[in-house]
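A short write-up of the structure that comes next.
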Amino acid sequence: MRVIRFFISSFICILLLPAGVFAFPTVYPTGTTIYKPGLAYEGYTLYTSPGKNRVLLINMQGQIVHEWVPPAGMSFGYSEPLPNQNILVFAKNTNGGKSYHYLLELDWMSNVVWQYYSPNYLHHDFERLNNGNTLISCADERLVPEISPLPIIDNYIIEVDPQGNILWEWRTSLHYNEFGFSAEAKSLISSIGGDWAHTNSIQSIPDNILNDPRFKKGNILVSQRNTNIIFVIDKSTGSIVWQVGPDSNLTIGQHDVEMIPIGLQGAGNILVFDNGGIAGYPQKARLYSRVVMIDPVSKKIVNEYSALVSGLTSFTFFSPFVSSAQKLPNGNTLINEGNTGRFFEINQYGEVVWEYINPFSNRIYYNKIESREVYRVWRVDLNWPLFNR
């Protein structure tokens, strides 16, 4: 009964507190609040600010050095820098109550140089591959009686070529029985339907030194928030060849799952923003967030950051939704506490060497506390934006 009461009370707390307002004051400093030159990794930080409907590039002092504007009538979603100094960004427009979803490539002057349109939902993540193709996370609604008598949101991944042709597709519903759900989990999923899985991260596995065919270059690493599962798809067969969750309790409601590439500290391990909050079948709960590094071979956590590492109480670092983490070339980690719009960089000792609070709110709640939520952020090198063009 105590466990049941804990889940109920935790769930009620999250329902009562809108995303981004967990135990924060109505007014607090914004912009760069901490900057330690020589300890922080010097570069620019790129993110989409929903409150400004712009993709922003800021310097270490928090000044906006460049911004991309959406095409007329569109709103921006998640954005990502490309090696050619363009950006990829989700965008949508709404006409007659219906939303139209696009993935756009924009040049420095916000000109659309490539786009992919889908009548279905494009969401959460994408990746431009070395061959010029693009991986995109998508979803549509359908009836799959094997999963639920109710309509479900079926997450799927596609690879499209530069002409927009779909060359490869993988659907979650077709692999439902590979996840190893218990009878209880299947019953809960069946009774809920809807967005039962919620893919929020995809990555084409980079070159690595693991010497393990499950993690060969080009296989797809996937995170699904609502199931607490991280898994790898064999690109050639479509089979799930590796996973953690749903019952290992390594993560809860995780986001931004990435294998660290060769050349960065921890290469070959999987970096995860482990949100906490409530997720899974049956639900697991934790009221603080972590950033963890998982050894994919042993399936053990080999490094963990929480607020305790920085000498703070655990609940002061908590984002139950969205959020990201990026390993930087100097060994530091850039963390986006997404619900609060707080980006901070830590060194290997947990020292906060840079911190920035998104100053642009995208909605104000009944209690006049503003949401500054940001889905994901990226640090790019100082030479990435070619200002002398």
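None of these values were measured; they are calculated from a predicted model. Just so you know, residue 1 is the first one in the sequence shown, and it goes up from there.
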Apply side chain to side chain contact (heavy atoms under 4.5 Å, CB included) to Phe315 and Leu287, showing your working.
CA-CA 7 Å; Phe315 65 82; Leu287 299 183; over 6 Å; no
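- Closest non-hydrogen pair, Tyr356 versus Thr32, comes out as CD1-N, 3.5 Å.
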Before you tell me yes or no, could you show the steps for Asp234 and Arg214 under salt bridge (Lys or Arg N to Asp or Glu O under 4.0 Å), namely the whole-Å CA-CA distance, both residues' side-chain angles and the distance that decides it to 0.1 Å?
CA-CA 7 Å; Asp234 186 300; Arg214 297 173 297 176; over 6 Å; no
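- Ile230 and Met293 end up in different hydrophobic clusters when Ile, Leu, Val, Met, Phe, Trp and Tyr side chains are linked at under 4.5 Å.
- The aromatic rings of Tyr117 and Tyr102 sit tilted relative to each other, their planes meeting at an angle between 30° and 60°.
- Between the side chain of Ser310 and the backbone N or O of Leu312 there is no donor-acceptor pair closer than 3.5 Å.
- A 4.5 Å side-chain heavy-atom check between Lys299 and Ile270 finds every atom pair outside the cut-off.
- Two rings, from Phe126 and Tyr78, have their centers less than 6.0 Å apart.
- Note: Trp68 and Trp108 have perpendicular aromatic rings, judged against thresholds of 30 and 60 degrees for the angle between ring planes.
- What you find for Asn358 and Phe360 is that their closest heavy atoms are ND2-O, 3.1 Å.
- Pro37 and Tyr35 make their closest contact through CD-O, 3.3 Å (heavy atoms, listed as atom of the first residue, atom of the second, distance).
- Test Leu150, Val144, Ile147, Asn226 against Trp196 for side-chain contact (heavy atoms from CB on, under 4.5 Å) and you get one pass: Ile147.
- A salt bridge between Asp140 and Arg171 is present, with a side-chain N of the basic residue lying under 4.0 Å from a carboxylate O of the acidic one.
- In this structure a side-chain-to-backbone donor-acceptor pair under 3.5 Å is present from Asn332 to Leu39.
- The heavy-atom pair separating Phe76 from Asn53 by the smallest distance is N-OD1, 2.8 Å.
- In terms of modelled atom types and a separation under 3.5 Å, the side chain of Thr251 and the main chain of Gln254 share no donor-acceptor contact.
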Apply the test side chain to side chain contact (heavy atoms under 4.5 Å, CB included) to residues Val322 and Asn275: give CA-CA distance (whole Å), side-chain angles for both, the deciding distance (0.1 Å), then the verdict.
CA-CA 8 Å; Val322 299; Asn275 294 72; 5.9 Å; no
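- Nearest heavy-atom pair across Phe318 and Arg286 is CE1-O, 3.8 Å.
- The backbone N or O of Val69 lies less than 3.5 Å from no partner atom in the side chain of Arg54, so there is not a single donor-acceptor pair.
- The neighbour count for Asn131 CG, taken as heavy atoms of other residues, nucleotides or ligands under 6.0 Å away, is above 12.
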Would Tyr44 and His66 count as a ring-ring contact (aromatic ring centres under 6.0 Å, His included) if you check the C-alpha gap in whole Å, the side-chain angles of each, and the deciding distance to 0.1 Å?
CA-CA 10 Å; Tyr44 299 96; His66 190 70; over 10 Å; no
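- Side-chain contact check for Leu129 versus Leu135: some heavy-atom pair is nearer than 4.5 Å.
- At least one side-chain heavy atom of Leu167 sits less than 4.5 Å from a side-chain heavy atom of Asn133.
- No cation-pi contact links Arg379 to Trp384, judged by a cut-off of 6.0 Å to the six-membered ring centre and 45° from its axis.
- Under the ring pair (Phe, Tyr, Trp, His ring centres under 6.0 Å) criterion, Tyr100 pairs with no residue at all, not counting sequence neighbours.
- In this structure the side chain of Glu178 reaches within 4.5 angstrom of the side chain of Ser239, judged on heavy atoms.
- Geometrically, Lys186 does not engage Phe181 in a cation-pi contact defined by less than 6.0 Å to the ring centre and at most 45° from the axis.
- Other residues, nucleotides and ligands place no more than 12 heavy atoms under 6.0 Å from the CD1 atom of Ile209.
- Panel note: side chain Gln243, backbone Gly245; a donor-acceptor pair is recorded below 3.5 Å.
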Give the C-alpha distance, both sets of side-chain angles, the deciding distance and a yes or no for side chain to side chain contact (heavy atoms under 4.5 Å, CB included) between Ile136 and Tyr116.
CA-CA 10 Å; Ile136 309 173; Tyr116 178 78; 3.7 Å; yes
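- Remark: the backbone N or O of Gly253 is paired with a side-chain donor or acceptor of His255 at under 3.5 angstrom.
- Proximity of a side-chain donor or acceptor of Glu67 to a complementary backbone N or O of Leu57 within less than 3.5 Å is not detected.
- Note that Arg342 lies in the cation-pi zone of Phe344, set by a 6.0 Å cut-off to the ring centre and a 45° limit from the axis.
- Side-chain contact check for Phe90 versus His101: every heavy-atom pair is 4.5 Å or farther apart.
- In this structure, Lys235 is positioned above the aromatic face of Trp168, its NZ or CZ under 6.0 Å from the six-membered ring centre and within 45° of the axis.
- The main-chain N or O of Val292 is never found under 3.5 Å from a side-chain atom of Glu304 such that the two would form a donor-acceptor pair.
- One finds a salt bridge joining Asp207 and Lys217 here, because a Lys/Arg side-chain nitrogen approaches an Asp/Glu carboxylate oxygen to under 4.0 Å.
- For the pair Leu271 and Phe273, the minimum side-chain heavy-atom distance is 4.5 Å or more.
- Val113 belongs to no multi-residue hydrophobic cluster, having no ILVMFWY side-chain contact under 4.5 Å with any other such residue.
- In this structure, the side chains of Val222 and Val232 stay at 4.5 Å or more apart for every pair of heavy atoms.
- Between Phe317 and Tyr305, the ring-plane angle classifies as tilted under the 30° and 60° cut-offs.
- Taking the six-membered ring for Trp, Trp242 and Phe215 have ring centres closer than 6.0 Å.
- If you chain together hydrophobic residues whose side chains sit under 4.5 Å apart, Phe179 and Tyr281 fall into the same group.
- Under a 3.5 Å cut-off, the side chain of Asp154 and the backbone N or O of Ser173 do form a donor-acceptor pair.
- Surrounding NZ of Lys300 are at most 12 heavy atoms belonging to other residues, nucleotides or ligands under 6.0 Å away.
- The closest donor-acceptor contact from the side chain of Thr48 to the backbone of Gly77 lies under 3.5 Å.
- Between Leu210 and Lys216 the shortest side-chain heavy-atom distance does not fall below 4.5 Å.
- For Ile202 against Glu258, the heavy-atom pair with the smallest separation is O-OE2, 4.3 Å.
- In this structure, Asn130 places its CG atom where only 12 or fewer heavy-atom neighbours from other residues, nucleotides or ligands lie under 6.0 Å away.
- With sequence neighbours excluded, no residue forms a ring pair (Phe, Tyr, Trp, His ring centres under 6.0 Å) with Tyr156.
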